[in-house]
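Since the structure is predicted, the reported quantities are computational estimates derived from the model, not experimental observations. Numbers restart at 1 for each chain; the letters A, B, ... are given by sequence-line order, proteins then strands.
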Amino acid sequence: MEDLNQVLQQRRKKAGEMADLGVELYPNTFKPAHHIIDILPQDVRDDHELPLQEGEKVIAGRIIAMRKFGKAAFLQIQDESGRGQVYIKKSAVGEESFKVFNKLDIGDLAGFHGTLFRTQKGEPTLHVSSFKLITKSLRPLPEKFHGLTDVEIRYRQRYVDLIVNPEVRETFRKRVEIIRLMREFLVSRQFMEVETPMMHPIAGGATAKPFQTHHNALDMDLYLRVAPELYLKRLLVGGFERVFEINRNFRNEGLSTRHNPEFTMLEFYQAYATYAELMDLTEEMVTSICQKVNGTLEINFEEQQVDLTAPWQRFTMDEALEQVGGIDPAILADPAQIMALATEKGLQLEKKSGPGKAKMELFDLLVEEKLINPTFITAYPTEVSPLARRNDDNPDVTDRFELFVTGRELANGFSELNDPVDQCERLEKQVAERGEDEEIFPEVDYDFVRALEYGMPPAAGEGIGIDRLAMLLTNAPSIRDVILFPHMKPEKG
RNA sequence: GGGCCGUUAACUCAGCUGGUAGAGUAUCUGACUUUUAAUCAGAGAGUCGCGCGUUCGAGCCGCGCACGGCCCA
């Protein structure tokens, strides 16, 4: 505490002086009766003719600016609803009280009683009759004009970011609203929200590096889930026909503007539905959410203009490679030529990879980033879709789609494979072909196979990345802008 | 993991060819009873991310490390 800088020392000194004046620094007795937005709303502020509400008003909030004039002062107060102005003068609150007022700092939480009036410039203002310190702040807020812009501090000390950057609060309100609307949409369609384990004995449901942990009493290793898929499907076996889960997945991989080690996914499964129906559902869900959250389906995402108006473009994988990627259809039809093309493009394919994997790599390279407006890609190679149902007419591809917007994958869905024998073979094949990456722990979930043996109804399921959807709808360039407390390395090494 | 960039007062940023630290805001003191980034006068405030090196001398040059950003894998 000896090395506190000057500003922090001043704050502590003032706090002590207030205590000496008999002021309680952290009381919990003040009850605000109004939100600032309700008594000082924007339309009243804009129209100087509109009448103000009568009677005594009681607000509480953080002091974010002070303009003092000796015997009077204007304060800018911020509560959850917004910002508003209060006016305090010595003659109105009394000498003793004004002494306390002069010890208040920017950043303190305080409560105010008063009545509304308009200043000479027309700004609606609370004329304070009495006030009370609610919480003393011992740290100064960032400078008022530029605010807090250092992204490292913004992420590490999100609380400060939220105090001083209103648009950040707005982004997270939108995120919460997106999730609320998503729930509402699914519940209204008779989906049931469920919770499945976050700790898995087998890291299944997706190919990703898991976080490992250990249960001491049971002396067993566990993995934080990389996907809830295999548990949600068990529920279909159990007889729940429409289930969804909105929760965190964990992947022990690199960080980027699009990846956080823990991220939020919606996964949902609908019995007797096909992937084609889920594409329709996705269109309807995302457009309705966007319309409600943003009031429009036009999005400016970074430099790009995106139009979410349905229907969305649909391509098969081969169509996309041909029409967007510019690959000759004759090459696409010939596995050997596809492999050769991938090599020619400099793609590093593992020995066991086949033409399906090669197509995926070519898609990532040549097509993905060009899909700006929402686009469904269908007919994914069976080779890269271990949990998806084969197409009835062409067993080399699956009844699967992925949704791309602004060059990013937003959703992945498919008609579910419910043939236990086929499923078991594919999982075993997948395990057999892995092994080069020691950070992936390949194991077949035989209990899942057993569940399928009891019979899972035909179904379709889908996952939607909530963080990426929130990025799209709030025009956030980094996933860290839509996660309240993104992962950071420790401050001191 | 690789490349590039950044880290200077609480915040936002300057800092020349290497010569020993600057501004605005915030803070403190004084003036001021309708301000709007209030104004006016004055003052204090720094481990220049950390370490090592080069040099008579390093915020600045070199090497290493930490954290962060962007791009790539």
Side-chain angles (χ1 to χ4, degrees), chain A residues 2-15 17 40 45-46 48 52 63-78 83-95 97-98 101-108 114-128 137-161 163-165 209 252-260 302 345-350 361 364-365 369 407 437 439 476-481 486-493:
Chain A
E2 293 307 310
D3 57 348
L4 286 180
N5 73 56
Q6 187 196 29
V7 181
L8 268 57
Q9 285 178 24
Q10 294 277 15
R11 290 267 173 150
R12 280 175 157 72
K13 180 161 163 273
K14 268 186 166 178
E17 289 167 0
L40 303 167
R45 195 163 298 168
D46 293 342
H48 292 186
L52 299 172
I63 301 169
I64 56 167
M66 286 202 268
R67 294 183 282 274
K68 292 189 176 184
F69 295 88
K71 297 191 181 67
F74 289 92
L75 308 188
Q76 206 71 32
I77 309 299
Q78 172 171 285
R83 294 175 176 183
Q85 180 169 267
V86 307
Y87 177 63
I88 293 188
K89 60 179 180 181
K90 194 174 180 178
S91 58
V93 298
E95 186 117 2
S97 199
F98 204 70
F101 165 75
N102 272 319
K103 302 285 179 201
L104 286 178
D105 284 313
I106 292 175
D108 289 350
T115 51
L116 298 179
F117 77 110
R118 253 181 226 288
T119 63
Q120 289 178 349
K121 294 278 172 62
E123 168 122 12
T125 302
L126 185 77
H127 196 296
V128 175
S137 168
L138 298 179
R139 285 182 182 268
L141 290 175
E143 181 236 343
K144 58 188 169 188
F145 191 53
H146 299 91
L148 181 66
T149 61
D150 182 320
V151 289
E152 184 172 352
I153 302 178
R154 285 188 47 228
Y155 297 148
R156 287 192 196 281
Q157 299 179 231
R158 182 70 88 182
Y159 38 91
V160 180
D161 192 27
I163 290 170
V164 302
N165 293 323
K209 296 174 189 171
N252 202 347
E253 294 166 3
L255 283 69
S256 77
T257 51
R258 301 177 194 192
H259 299 88
N260 197 62
E302 295 178 316
K345 294 282 182 188
L347 296 169
Q348 307 282 330
L349 292 173
E350 290 179 18
E361 297 281 343
D364 288 348
L365 182 70
E369 67 178 14
D437 192 334
E439 293 176 63
S478 168
I479 195 169
R480 292 179 156 191
D481 295 324
H487 182 78
M488 302 286 279
K489 287 192 187 180
E491 286 177 65
K492 285 169 189 172

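Pair check for B:U39 finds B:A31; Watson-Crick or G-U wobble, both atom distances under 3.5 Å. B:A10 is paired with B:U25 under the Watson-Crick or G-U wobble criterion, all donor-acceptor distances under 3.5 Å. B:C50 and B:G64 make up a base pair, with Watson-Crick or G-U wobble contacts both under 3.5 Å. Pair assignment for B:U55 gives none, since no Watson-Crick or G-U wobble pairing has each distance under 3.5 Å.
In this structure, the side chain of A:Asp105 does not engage the main chain of A:Asp108 through any donor-acceptor pair within 3.5 Å.
The side chain of A:Ala72 has B:U33 as its nearest neighbour among B:U33, B:C71, B:G68. When distances run from any side-chain atom of A:Pro140 to the nucleotides B:A10, B:U27, B:U34, the shortest one goes to B:A10. The side chain of A:Glu143 approaches B:G24 more closely than any other nucleotide in the set B:G68, B:A26, B:G24. With B:U34, B:C67, B:U12 as the candidates, the nucleotide lying closest to the side chain of A:Phe117 is B:U34. The listed nucleotides are B:U25, B:U27, B:C13; the one nearest the side chain of A:Lys144 is B:U25. Nearest to the side chain of A:Asp105, among B:G68, B:C28, B:U33, sits B:C28. Distances from the side chain of A:Ile153 to the nucleotides B:A38, B:G68, B:C11 place B:C11 closest. Among the nucleotides B:C28, B:U12, B:U33, the one closest to the side chain of A:Ser91 is B:U33. Nearest to the side chain of A:Ser478, among B:C70, B:U34, B:G24, sits B:C70. For A:Tyr87, counting side-chain heavy atoms from C-beta on, the closest listed nucleotide (B:U35, B:G68, B:U34) is B:U34.
The two residues A:Ser137 and A:Gly107 come nearest to each other via the heavy atoms CB-O, 3.3 Å. Looking at every heavy atom in both residues, A:Arg118 comes nearest to A:Gly122 through NH1-O, 2.9 Å.
Residue A:Thr149 places at least one side-chain N or O under 4.0 Å from the OP1 or OP2 atom of B:U12. For the pair A:Lys121 and B:U36, the criterion of a side-chain N or O lying under 4.0 Å from OP1 or OP2 is met. Distances shown here put a side-chain N or O of A:Arg156 below 4.0 Å from the OP1 or OP2 atom of B:G68. One finds a side-chain N or O of A:Arg67 lying less than 4.0 angstrom from the OP1 or OP2 phosphate oxygen of B:A38. Between A:Lys68 and the phosphate of B:A26, there is no side-chain N or O to OP1/OP2 separation shorter than 4.0 Å.
If you measure from atom CD1 of A:Ile63 to atom P of B:U36, you get 19 Å, rounded to the nearest angstrom. For the pair A:Ile479 CD1 and B:C70 P, the computed distance is 12 Å after rounding to whole Å. The CZ atom of A:Arg12 sits 17 Å away from the P atom of B:U27 (whole-angstrom rounding). The interatomic distance linking A:Asp150 (CG) with B:G6 (C1') rounds to 10 Å, in whole Å. Between A:Leu75 atom CG and B:U33 atom C1' the separation is 14 Å, expressed in whole Å. For the pair A:Arg11 CZ and B:U27 P, the interatomic distance rounds to 7 Å; values are reported in whole Å. Distance, A:Asn260 CG to B:G69 P: 11 Å, rounded to whole Å. Regarding A:Leu104, its CG atom lies at a distance of 16 Å from the C1' atom of B:A26, rounded to whole Å.
A:Tyr155 and A:Asp161 form no side-chain donor-acceptor contact under 3.5 Å, judged by distance and modelled atom types alone. Side-chain contact of A:Gln6 with A:Arg11: a donor-acceptor pair under 3.5 Å is absent, judged by distance alone.
Backbone-only contact: A:Arg480 has heavy atoms under 4.0 Å from sugar-phosphate atoms and none from a base. Backbone-only engagement by A:Lys14 is indicated by non-hydrogen atom pairs under 4.0 Å involving sugar-phosphate atoms exclusively. Across all strands, A:Lys71 comes closer than 4.0 Å to base atoms (heavy-atom distances). When heavy atoms are screened at a 4.0 angstrom cut-off, A:Gly254 is found touching no nucleic acid atom at all. Counting any heavy atom pair closer than 4.0 Å across all strands shown, A:Gln10 reaches sugar-phosphate atoms only and no base atom.
Nucleotides B:U20 and B:G57 have their C1' atoms positioned 8 Å apart, rounded to a whole Å. Annotation: B:C70 and B:A26 have their P atoms spaced 31 Å apart (nearest Å). B:G44 and B:G6 have their P atoms separated by 33 Å, with the value rounded to a whole Å. B:U7 sits 44 Å from B:C32 when the P atoms are compared, rounded to a whole Å. Across the P atoms, B:A38 and B:A43 are found 23 Å apart, a figure rounded to whole Å. Rounded to the nearest Å, the gap between the C1' atom of B:U8 and that of B:G59 is 7 Å.
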Do nucleotides 40-51 of chain B as a string where each nucleotide becomes B, S or -: B if the base has a protein heavy atom under 4.0 Å, S if just the sugar-phosphate does, - if no protein is that close. ----BS------
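Under the stacking criterion of a centre-to-centre distance below 5.5 angstrom and an interplanar angle below 30°, A:Phe74 sits stacked against the six-membered ring of B:U35.
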Evaluate the criterion side-chain hydrogen bond (donor to acceptor under 3.5 Å, both in side chains) for residue pair A:Gln76 and A:Arg83; output intermediate values, then yes/no. CA-CA 7 Å; A:Gln76 206 71 32; A:Arg83 294 175 176 183; over 6 Å; no
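Separating the CD1 atom in A:Ile479 from the NE2 atom in A:His259 is a distance of 7.5 Å, to the nearest 0.5 Å. Within the model, atoms NZ of A:Lys90 and OG of A:Ser97 stand 12.0 Å from one another, a figure rounded to the nearest 0.5 Å. To the nearest 0.5 Å, atom CG of residue A:Leu148 and atom CD of residue A:Glu143 are 10.5 Å apart.
Side-chain to base pairing of A:Thr125 with B:U34: no donor and acceptor N or O lie closer than 3.5 Å to each other. Side-chain to base pairing of A:Glu123 with B:U35: no donor and acceptor N or O lie closer than 3.5 Å to each other.
Residue order along RNA chain B, read from the 5' end via each residue's closest nucleotide, puts A:Asn102 first among A:Asn102 and A:Lys89.
Under the 4.0 Å criterion applied to side-chain N and carboxylate O atoms, A:Lys103 and A:Glu17 are assigned as salt-bridge partners.
Remark: A:Lys89 is not positioned above the aromatic ring of A:Phe98, lacking an NZ or CZ atom under 6.0 angstrom from the ring centre and at most 45 degrees off the axis.
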